[in-house]
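One structure below.
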Amino acid sequence: GFMGFTFQPAELAKLTLVIYLAYSLTKKDAKIRTLTVGFIPHIIFLAIIATLIMLERDFGTTVIVGILVFIMMFVAGVRFSYIVLTAAAAVPVILLGLVSVPYRWERIMAFKNPWADPLGKGYHIIQSYLAFGSGGIVGTGLGGGTQKLFYIPYAYSDFIFAVIGEELGFFGVVLLVGAFAMFAVRGFRAARLAPDLFGTYLAMGITSLITLGAIMNICVVTGLLPTKGMTLPLVSYGGSSLLVSMTAVGILLNVSGKRQKNITLDNKKVGIR
């Protein structure tokens, strides 16, 4: 909290990390495959950011940040063996983070069998299942859902996907997933056609950030991952996530727009000739 406002620093940290990595990977491109220049500095920065996020007790965002860094380093050309060994070394740390905090382990148990504690740890996901089941193929219609009325916790943010499933049904869910898929395709295309290396890494990082957030939220709400408080990018109600996501998309559009501008200018030059 600050002067009457609340803000989630971890959301800003994710975008900051993408921008820093895009700059750093571009600057070190000539030595990107070396251990001391292309790998270690970025892992140290990741460790600092991850530690700060873990102090907020935000385990899910820490995992997303780690995956995001590995994706960007892989795309930049960092040796794959370095990435694999680091990921393998991180597995015991992740397991320790799960078992050392009771509520995290309880969520794992609820993920395996939510019906064992339907009014406790399994409550979130069971209510989400009921929402999808009630929606069926075509849904109950906008505003016609009942699960959002004091049944699904955080129906306006973390579990908004379940509300969409109830009110718009299977077709609405497919449409939303298709929209995120199209966003990913267009974002990666913008990265491929970016006018410079920095733009490529920046577009790749932002697209991965939004897409990873969407995948994890959808998997949580549908029971494919343990319950975790995580917003659905560009869809969940307000807050830090929406502000940062919109900022990130604005940057992505800027990268894409510069490429489109360059193509237009090239076409004009061809026409003049």
Side-chain angles (χ1 to χ4, degrees), residues 1-2 5-25 39-76 78 82-83 86-108 111 124 153-154 157-159 201-202 204-221 225-249 251:
F2 179 73
F5 296 94
T6 57
F7 189 79
Q8 173 55 269
E11 293 295 334
L12 184 60
K14 290 188 289 188
L15 179 57
T16 303
L17 182 64
V18 169
I19 296 173
Y20 165 77
L21 281 175
Y23 167 77
S24 182
L25 291 170
F39 183 73
I40 291 180
H42 303 126
I43 289 298
I44 292 175
F45 190 75
L46 168 62
I48 294 171
I49 295 295
T51 300
L52 292 173
I53 295 176
M54 282 300 291
L55 290 176
E56 298 181 6
R57 304 175 70 84
D58 193 344
F59 187 77
T61 300
T62 305
V63 173
I64 285 185
V65 164
I67 295 173
L68 184 62
V69 171
F70 288 152
I71 289 175
M72 293 189 68
M73 288 197 299
F74 174 75
V75 171
V78 173
Y82 297 159
I83 297 175
T86 305
V91 171
V93 178
I94 293 174
L95 292 176
L96 179 62
L98 290 174
V99 300
S100 62
V101 180
Y103 75 85
R104 289 179 188 155
W105 188 248
E106 290 172 355
R107 286 178 176 178
I108 299 294
F111 168 69
H124 283 65
Y154 301 105
S157 59
D158 298 348
F159 277 76
Y201 295 153
L202 192 57
M204 175 66 67
I206 289 173
T207 303
S208 300
L209 174 63
I210 301 294
T211 305
L212 275 173
I215 290 173
M216 291 198 68
N217 178 274
I218 290 172
C219 287
V220 166
V221 175
L225 285 175
T227 302
K228 171 71 183 73
M230 186 174 294
T231 57
L232 183 60
L234 305 173
V235 179
S236 293
Y237 168 82
S240 309
S241 174
L242 183 61
L243 178 63
V244 173
S245 295
M246 294 294 283
T247 302
V249 171
I251 296 172

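Computed from heavy atoms alone, side chains included, the values below leave out hydrogens, waters and symmetry copies.
- The minimum heavy-atom distance linking F111 with P226 is given by the pair CD1-N, 3.6 Å.
- Atoms CD1 and OG1, on I67 and T62 in that order, are 11.0 Å from each other to the nearest 0.5 Å.
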For F39 and Y82, run ring-ring contact (aromatic ring centres under 6.0 Å, His included): C-alpha distance rounded to whole Å, both residues' side-chain angles, the deciding distance at 0.1 Å, then the answer.
CA-CA 8 Å; F39 183 73; Y82 297 159; 5.4 Å; yes

Begin from the C-alpha positions of I71 and L212 and carry the test side chain to side chain contact (heavy atoms under 4.5 Å, CB included) through to its verdict.
CA-CA 11 Å; I71 289 175; L212 275 173; 4.1 Å; yes

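- Across all non-hydrogen atoms, the minimal contact from T247 to L15 is CG2-CD2, 4.0 Å.
- Of all heavy-atom pairs spanning A76 and Y201, the tightest one is CA-OH, 3.5 Å.
- Between N217 and F159 the shortest side-chain heavy-atom distance does not fall below 4.5 Å.
- For the atom pair L209 CG and S245 OG, the distance stands at 7.0 Å (nearest 0.5 Å).
- You'll find the side chain of M72 stays beyond 4.5 Å of the side chain of S208, heavy atoms only.
- The shortest side-chain heavy-atom distance between D158 and V221 does not fall under the 4.5 Å cut-off.
- Under a 3.5 Å cut-off, the side chain of Q8 and the backbone N or O of A10 do form a donor-acceptor pair.
- Residue L46 holds its CG atom at 8.5 Å from OG1 of T51, rounded to the nearest 0.5 Å.
- Summarising the local packing, OH of Y237 is surrounded by 12 or fewer heavy atoms from other residues, nucleotides or ligands at distances under 6.0 Å.
- Using a 4.5 Å heavy-atom threshold, the side chains of L242 and V235 count as separate.
- Between Y20 and H42, the angle of the ring planes goes over 60°, which puts this pair in the perpendicular group of the 30/60° scheme.
- Minimum heavy-atom separation, I64 to M230: CD1-SD, 3.6 Å.
- When side chains are defined from C-beta on, I43 counts as touching M73, because their heavy atoms get closer than 4.5 Å.
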Starting from the C-alpha separation in whole Å, work towards a yes-or-no answer on side chain to side chain contact (heavy atoms under 4.5 Å, CB included) for I53 and V65.
CA-CA 9 Å; I53 295 176; V65 164; 3.9 Å; yes

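- Counting heavy atoms of neighbouring residues, nucleotides and ligands inside a 6.0 Å radius, atom CE of M246 does not exceed 12 of them.
- Taking OG1 from T16 and CD from E11, the interatomic distance works out to 11.0 Å, rounded to the nearest 0.5 Å.
- Side chains of R107 and K228 form a contact here, defined as non-hydrogen atoms less than 4.5 Å apart.
- Considering OG1 of T227 and CD of E106, their distance stands at 12.0 Å, rounded to 0.5 Å.
- H124 places none of its side-chain heavy atoms less than 4.5 Å from the side chain of V220.
- Put simply, CG on L52 and CG on D58 are 12.0 Å apart, with the number rounded to the nearest 0.5 Å.
- S157 and S236 share no side-chain donor-acceptor pair at under 3.5 Å.
- Side-chain contact check for F45 versus L17: some heavy-atom pair is nearer than 4.5 Å.
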